[in-house]
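Here is the structure we will look at.
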Protein chains: 2
Amino acid sequence: MSGIEEVARRAGVSPATVSRALSGRGAVSPTTRDRVHGVARELGYVVSSSASALATGRMRNVGIVLPFLNRWFYGAVVEGAQSALLGQGYDLTLYNLGGGEEERRSVFEHFLLRKRVDAVIAVSLEPTPGEVQRLHELRKPIIGVGGPVPGVRTLSIDEVAVARLATEHLLGLGHRRIAHIGGGHTRELDFNLPSSRRTGFEQALRAVDAPPVPEWELRSDFTVPGGYAAAEQLLGGADRPTAIFAASDEMAIGAMLAARDLGLQVPRDVSIVGIDDHELAEFFGLTTVAQYPERQGRMAVDVLMTELDPRHPVPDAVDTPLPFDLVVRSSTARPAG
Amino acid sequence: MSGIEEVARRAGVSPATVSRALSGRGAVSPTTRDRVHGVARELGYVVSSSASALATGRMRNVGIVLPFLNRWFYGAVVEGAQSALLGQGYDLTLYNLGGGEEERRSVFEHFLLRKRVDAVIAVSLEPTPGEVQRLHELRKPIIGVGGPVPGVRTLSIDEVAVARLATEHLLGLGHRRIAHIGGGHTRELDFNLPSSRRTGFEQALRAVDAPPVPEWELRSDFTVPGGYAAAEQLLGGADRPTAIFAASDEMAIGAMLAARDLGLQVPRDVSIVGIDDHELAEFFGLTTVAQYPERQGRMAVDVLMTELDPRHPVPDAVDTPLPFDLVVRSSTARPAG
DNA sequence: ATGAAAGCGCTAACAT
DNA sequence: ATGTTAGCGCTTTCAT
């Protein structure tokens, strides 16, 4: 397992020059640079990241903390972040906080702070003020994806506006009897995304003087079965809504399946709209408001990379709004009659 | 940002003692151990992983390489591995090889070998002999999940047996007209899982003298839409099979949806069985052969941990078979008539 | 453009 | 049980 010294010897230069040649920092004549690269390749030499990190203080590694991995949204964020990072020569280490409070504390205390990462991406997770302060003290950039965090740079869609857009689409089609399947109080999700979406929904209804019907506002858990159960309840009776706005595509898909099982046709008998633009939304013909999680992952990386740049101005803890778009497919139409 | 020296000073001991006290290696009197821990906590001191890694040669980090992240199976493997690792004080760094040949080479060349990881878990991915050799030279344990790899310790289910089990379930119910939706030649999956499953299917059929019908063996891509399209084709005509065995639950779910859209009832008109026990399998009442990806991730970690133990015997490159079980739900029944 | 030398912050012999 | 010492393998001034 050859070290820099071996490369230096074979290339007939000093270790310092090898370091410069390989890292691209510092002046090296083209000739020696090529020679060094040649020798390195030949020897299969790769710098030891720990030695390099110890000397420079940079790990070239970022941590991503999230509540789930196996929800489409999170997977997509991770994929986006990962591939952006790969392009920069950075690694991504994963902290999946499925396990609750205990695991969470352990991650923050023992892992993130262990100088293992240069920066942190927190997805749908709100670090406590203490955690934020800790990170700041260590001068580790942190960026939140999914909701504003006080004192932290964040990337987030305007949840209220997204919900309003979805609801307005239904209203625009002529629906007035609209139900909402929102999120419940998942402890895992720190941001109050469920209630923001509900707020947008209600705002849109009130704007057209169609006050929300309490019985038509259900809470569920962002899963297909959850959406199914809620829709069954909404559509099972005689006095049913003509449209459903679900706070996620997975719930919307569950609702579509429930409608079908109840002998209802979508969109003839009931229109359904979701949020996300899940990979299966197109397959199901689901009208939805697209957010672009993969791009969100990439953007988070871009922001971190500029903040990691030593000549970067003091980072301002602002929230950057993210784009979203209504994607109309075949699950929504004018109400019958 | 205080270092070990500061802790040593405040605790009135030498850095060496602090190191011993904090790492638990080497004898330290209970009194000083507690004192050191106290000071460390007070100062918020955490060892620098790079310094520690440089001194010990251990990163306490394992890499996981996989072709996708956003397929249920892979997400589950990662979750299992991650949580097992967390318990051991290890991190997990993710190498998602979505991007094809180029990205793959780059990961193996520049990342895994950069001494960033102590070991690697390769999921459904077959390292080339060159890559395996490289890893061996660096004495980095590697374990494959998902199929035997020459020269590498692996964990895998017996794909042929799994497929046979699924098929035999249908045969046992009395089906003889059975179709198979298998995997295509996805470049991303290195193991010939698709063909192994097909082989098991055909073996089971031949064993009861019900030779497979070529037109009833379709290839698809492991997705819901893919399964839907294949099933549409199988079930669209008059001369249709009475049962379908899909090589993954996602395809099986697609097939169930297609059947319904064609006005067919499952299982009355057609029985459908999958493989995986996807998180939605229960919701859809899908009969399937469960494999336990999360447990597979955990097991991979267990194996690596013992191999990382310095007093471990030379690892034997064997393949450990993994358990699987038939889970009968409501998508299969005796054929009509 | 290149080299010499001093660390980066720990850990592990070895001594006591 | 604890301290001393010598690295681990790089990077980076500072010279030249």
Side-chain angles (χ1 to χ4, degrees), chain A residues 1-37 39-40 43-61 89 110 113-118 138-139 310, chain B residues 1-37 39-40 43-61 89 110 113-118 138-139 308 310-311:
Chain A
M1 206 177 50
S2 36
I4 201 174
E5 197 135 346
E6 168 103 30
V7 179
R9 206 166 337 111
R10 298 221 197 180
V13 294
S14 74
T17 301
V18 173
S19 175
R20 285 189 277 251
L22 259 28
S23 72
R25 271 186 291 251
V28 181
S29 83
T31 339
T32 43
R33 199 176 46 69
D34 291 351
R35 186 149 32 89
V36 169
H37 271 105
V39 174
L43 260 48
Y45 169 81
V46 206
V47 298
S48 151
S49 70
S50 38
S52 171
L54 182 55
T56 59
R58 298 200 155 305
M59 281 292 272
R60 299 189 78 80
N61 185 25
H110 296 310
L113 304 173
R114 237 208 251 175
K115 291 146 185 165
R116 297 184 136 288
V117 299
D118 296 327
L138 295 170
R139 331 198 107 261
Chain B
M1 208 176 49
S2 37
I4 201 174
E5 197 134 346
E6 169 101 29
V7 179
R9 206 166 337 110
R10 300 220 195 179
V13 295
S14 74
T17 301
V18 174
S19 173
R20 285 190 277 251
L22 260 27
S23 72
R25 271 185 291 250
V28 181
S29 84
T31 340
T32 44
R33 199 176 48 69
D34 291 351
R35 186 150 30 88
V36 169
H37 272 105
V39 174
L43 260 47
Y45 169 81
V46 206
V47 298
S48 150
S49 70
S50 37
S52 171
L54 182 56
T56 60
R58 298 198 155 305
M59 281 290 272
R60 299 189 78 80
N61 184 24
H110 296 309
L113 303 174
R114 238 208 250 174
K115 289 147 186 165
R116 296 186 137 285
V117 299
D118 296 328
L138 295 169
R139 329 197 108 260
L308 283 171
R311 47 179 205 279

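What you see is a predicted model; the values in this text were computed from it and never measured. Just so we're on the same page: letters track the sequence lines, and every chain starts at 1.
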For residues A/Asp118 and A/Gly57, report the shortest heavy-atom separation together with the two atoms involved.
-> OD1-O, 4.3 Å
Check the distance between D/dC10's P and A/Leu22's CG and give it to me in whole angstrom.
-> 10 Å
Interatomic distance where CE belongs to A/Met59 and P belongs to C/dC8 [whole Å] = 18 Å
Atom CZ of B/Arg9 and atom C1' of D/dG3: how far apart are they, to the nearest Å?
-> 16 Å
Residues pairing under side-chain hydrogen bond (donor to acceptor under 3.5 Å, both in side chains) where one sits in residues 49-60 of chain A, two or more places apart or in two chains, turn out to be A/Ser48-A/Ser50
Contacts of A/Ser19 meeting side-chain hydrogen bond (donor to acceptor under 3.5 Å, both in side chains) (sequence neighbours excluded), chain-then-number -> none
Side-chain N or O of A/Thr32 less than 4.0 angstrom from OP1 or OP2 on C/dA1?
-> no
What heavy-atom pair brings A/His37 and A/Ala21 nearest, and what distance separates the two atoms?
-> CE1-O, 3.4 Å
With a 4.5 Å limit on heavy-atom distance, are the side chains of B/Pro15 and B/Val18 in contact?
-> no
Summary of protein contacts for nucleotides 11-16 of chain D, nucleotide by nucleotide, where a base hit scores B, a sugar-phosphate-only hit scores S (4.0 Å, heavy atoms) | SBB---
Quickly work out the A/Leu54 CG to C/dA6 P distance and round it to whole Å.
-> 17 Å
Separation of D/dT4 atom C1' from B/Glu5 atom CD, nearest Å, is 13 Å
Does the distance from a Lys or Arg side-chain N to an Asp or Glu carboxylate O, for A/Arg10 and A/Glu6, drop under 4.0 Å?
-> yes
When you check the phosphate oxygens OP1 and OP2 of C/dG9, does a side-chain N or O of B/Ser50 lie under 4.0 Å from one of them?
-> no
Nearest-Å distance for atom pair CZ/P, residues A/Arg33 and C/dT2 = 11 Å
